[in-house]
Amino acid sequence: MTTTTPARLSWLTGEVRSWQAAGLIGEDQADTILAGYSAGHRLSLVRLLLAVGACFVGIGVLWLVAANLESLSPSSRVLLVGAVWLAALVGGEVLHARSAPTPVVGAARLLAALLIGALVLQAAQSLQVPAYEPSLIGCWAAAALVHAYVVRAVAPLVIGVVAGTGYTLWAVLGSAPSGLALVLTLAAVGLAATALAAVHDTGSPGFAWVWRLAGTGLLLLSLVVAAVPGLDLGADPLPLDLVVGLVATALLVGAGLLVGDRLARAELAGGTLAVALGAGLVVWQVGEYAASDPTATDVVRAIAGLAVCATAAVAVAVVGTWRESTALVALATLALVTTTALQAFTVFAPVLTGAWLFLLLGALLVGVGLGFDRLRRQVATAL
């Protein structure tokens with residue numbers, strides 16, 4: 001029996017009954033079709049508890065490693081953490097081979113992906129490698145990604161994407177921190193993830209969903225950050241790591257354009273435009289920004305940043321409606337609300353203080369929310 005959302009099951013029931021009324025199928029056939037589906041929620045309580053429990057166990061092991069178990073020798077610590085990781089890794093695959101419930105298998109694989117980070121950190125300690133090295137996070141990300149692609153599992157992929165994003169930000173900003181580098185790094189990683197989603201659409205839709213959600217979130221975050229006033233361009237040129245990353249992103253975009261469908265190509269075009277607009281907002285810095293006394297140019301720039309973020313959010317909402325992804329629509333809504341709130345409290349606060357600021361912000365959010373929801377419904381109806 002296939003589990004689907006209550007809304008989809010209601011739609012399917014209406015369609016099947018309309019086919020029955022039109023004489024296309026009989027009553028027995030209609031009942032047989034509907035008997036193969038049941039209503040359910042994708043994120044069940046059991047799945048949530050298992051995922052949270054696995055995260056807590058993994059974080060606990062990471063914490064113990066970071067605290068350095070002085071009571072054991074370095075080799076003993078590596079063997080202990082390695083044994084726990086191997087047990088989680090093998091246990092997850094044994095459960096999968098025995099057709100265990102999907103949430104249980106996912107929790108075991110998630111725990112294994114977290115524990116490989118603890119193993120990397122403990123091995124680094126044993127080899128006298130400094131703990132605060134971005135390369136360790138990079139090794140963790142690479143190991144989690146290898147795990148994900150070998151066993152074709154989504155949970156390790158999520159860990160790999162999160163750790164890889166953290167490594168990239170740490171490596172780039174550690175060499176040449178600046179507002180422009182931050183925005184470009186977020187946008188480049190987001191665009192690369194969107195391109196990987198296009199590549200995975202046909203063969204691995206589950207992986208494509210993770211890459212698309214991560215890429216869209218990072219692209220929206222880059223625009224939200226770019227709209228914040230007062231970002232600096234940096235005295236040094238762009239670091240070599242970022243330049244290499246931009247070139248690699250361009251190659252991935254080319255691959256996505258070659259193998260992706262029409263909607264995926266539109267997403268990549270929009271992502272590329274988001275990179276350019278985000279960089280343009282950062283470069284558009286007129287003199288020193290004074291939070292207590294914003295100039296007319298600062299206000300114009302704030303409105304432009306809000307307009308860019310709003311346009312990107314609407315585009316993401318349209319794509320999310322087309323792909324029937326509530327997560328994309330939620331990301332678009334969150335980005336729009338965050339940008340509106342940030343601009344209100346950074347640029348417009350000196351102009352409208354106290355109760356008037358909250359009154360205006362509340363009215364603006366209500367208006368934006370109603371308009372946003374109406375547009376989403378119109379798109380859904382049109383589709």
Next item on the list: Report yes or no: does Trp140 contribute a side-chain atom to a donor-acceptor pair with the main-chain N or O of Ala113 at less than 3.5 Å?
Entry: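 Present.
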Side chain His200, main chain Leu196, donor-acceptor under 3.5 Å: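 A pair under 3.5 Å: yes.
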TODO: Hey, could you give me each pair passing salt bridge (Lys or Arg N to Asp or Glu O under 4.0 Å) that has a residue in residues 206-217? Not counting sequence neighbours.
DONE: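 Those involving residues 206-217 are Asp201-Arg212, Arg212-Glu267.
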Donor-acceptor list for residues 306-315 side chains, cut-off 3.5 Å, not counting sequence neighbours:
residue, atom, partner, partner atom, Å
Thr311, OG1, Ala307, O, 2.8

- Query: Residues sharing Val151's hydrophobic cluster, by side-chain heavy-atom contacts under 4.5 Å among ILVMFWY, directly or via others?
  - Reply: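 Under the 4.5 Å side-chain rule, Val151 groups with Val146, Val150.
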Pair up each side-chain donor or acceptor in residues 241-261 with any protein partner under 3.5 Å, not counting sequence neighbours, and list the distances.
residue, atom, partner, partner atom, Å
Thr249, OG1, Ala188, O, 3.4
Thr249, OG1, Gly245, O, 2.8
Asp261, OD1, Leu263, N, 3.4
Asp261, OD1, Ala264, N, 2.8

Using the rule that Ile, Leu, Val, Met, Phe, Trp and Tyr join whenever any side-chain heavy atoms are under 4.5 Å apart, tell me whether Val189 and Val199 fall into a single cluster.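 No, because Val189 and Val199 fall into different hydrophobic clusters, even though each may have its own neighbours under 4.5 Å.
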(message) Hydrophobic clustering (ILVMFWY, side-chain heavy atoms < 4.5 Å, transitive) - are Leu331 and Val154 grouped together?
(response)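 Yes: a chain of side-chain contacts under 4.5 Å links Val154 to Leu331.
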Minimum-distance pair of heavy atoms, taken over all atoms of [X] and [Y]:
{"X": "Val329", "Y": "Ala317", "result": "CG2-O, 4.0 Å"}
{"X": "Ile116", "Y": "Ala143", "result": "CG1-CB, 3.5 Å"}
{"X": "Leu115", "Y": "Ala88", "result": "CD1-CB, 4.0 Å"}
{"X": "Val282", "Y": "Gly179", "result": "CG1-C, 4.2 Å"}
{"X": "Ala108", "Y": "Gly92", "result": "CB-CA, 3.6 Å"}
{"X": "Ala274", "Y": "Leu223", "result": "O-CD2, 3.5 Å"}

Atom pair [atom1]/[atom2] of [X] and [Y] - distance to nearest 0.5 Å:
{"X": "Ser178", "Y": "Leu238", "atom1": "OG", "atom2": "CG", "value": "7.0 Å"}
{"X": "Cys139", "Y": "Tyr167", "atom1": "SG", "atom2": "OH", "value": "8.5 Å"}
{"X": "Thr185", "Y": "Leu218", "atom1": "OG1", "atom2": "CG", "value": "10.5 Å"}

Quiz item: Do the side chains of Val225 and Leu221 get nearer than 4.5 Å, heavy atoms only?
Solution: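 In contact.
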Measuring only between side-chain heavy atoms, which start at C-beta, is Leu182 closer than 4.5 Å to Leu169?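 In short, these two side chains touch, coming nearer than 4.5 Å.
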- Set of residues satisfying side-chain hydrogen bond (donor to acceptor under 3.5 Å, both in side chains) with respect to Ser204, sequence neighbours excluded: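 Ser204: side-chain hydrogen bond (donor to acceptor under 3.5 Å, both in side chains) contacts with Arg152.
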Test of understanding: with side-chain hydrogen bond (donor to acceptor under 3.5 Å, both in side chains), list the residues that count as partners of His96, not counting sequence neighbours.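 Result, side-chain hydrogen bond (donor to acceptor under 3.5 Å, both in side chains) vs His96: none returned.
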Worksheet entry | Pairwise side-chain hydrogen bond (donor to acceptor under 3.5 Å, both in side chains) hits with a residue in residues 23-34, at least two apart |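 Those involving residues 23-34 are Arg17-Asp31.
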Can you tell me which residue pairs pass the side-chain hydrogen bond (donor to acceptor under 3.5 Å, both in side chains) test with a partner in residues 250-259, sequence neighbours excluded?
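Every pair satisfying side-chain hydrogen bond (donor to acceptor under 3.5 Å, both in side chains) with a residue in residues 250-259: there are none.
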Kindly list each side-chain donor-acceptor pair under 3.5 angstrom involving residues 155-166, sequence neighbours excluded, with atom names and distances?
residue, atom, partner, partner atom, Å
Thr165, OG1, Val161, O, 2.8

Glu93: which residues meet the salt bridge (charged side-chain N to carboxylate O under 4.0 Å, His left out) condition with it, sequence neighbours left out?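 Partners of Glu93 by the salt bridge (charged side-chain N to carboxylate O under 4.0 Å, His left out) criterion, ordered by chain and then number, come out as Arg109.
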Under the side chain to side chain contact (heavy atoms under 4.5 Å, CB included) rule, collect the residues that match up with Ala327, sequence neighbours excluded.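 Counting only residues at least two positions away or on another chain, Ala327 forms a side chain to side chain contact (heavy atoms under 4.5 Å, CB included) with Trp209, Leu213, Ser325.
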*Check side chain to side chain contact (heavy atoms under 4.5 Å, CB included) between Val275 and all other residues, then give those that pass, not counting sequence neighbours.*
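Side chain to side chain contact (heavy atoms under 4.5 Å, CB included) check on Val275 returns Leu184, Ala187, Leu191, Leu219.
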Does atom CZ of Phe207 have more than 12 heavy-atom neighbours, drawn from other residues, nucleotides or ligands, at distances under 6.0 Å?
->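 Counting neighbours around CZ of Phe207, more than 12 heavy atoms of other residues, nucleotides or ligands fall under 6.0 Å, so yes.
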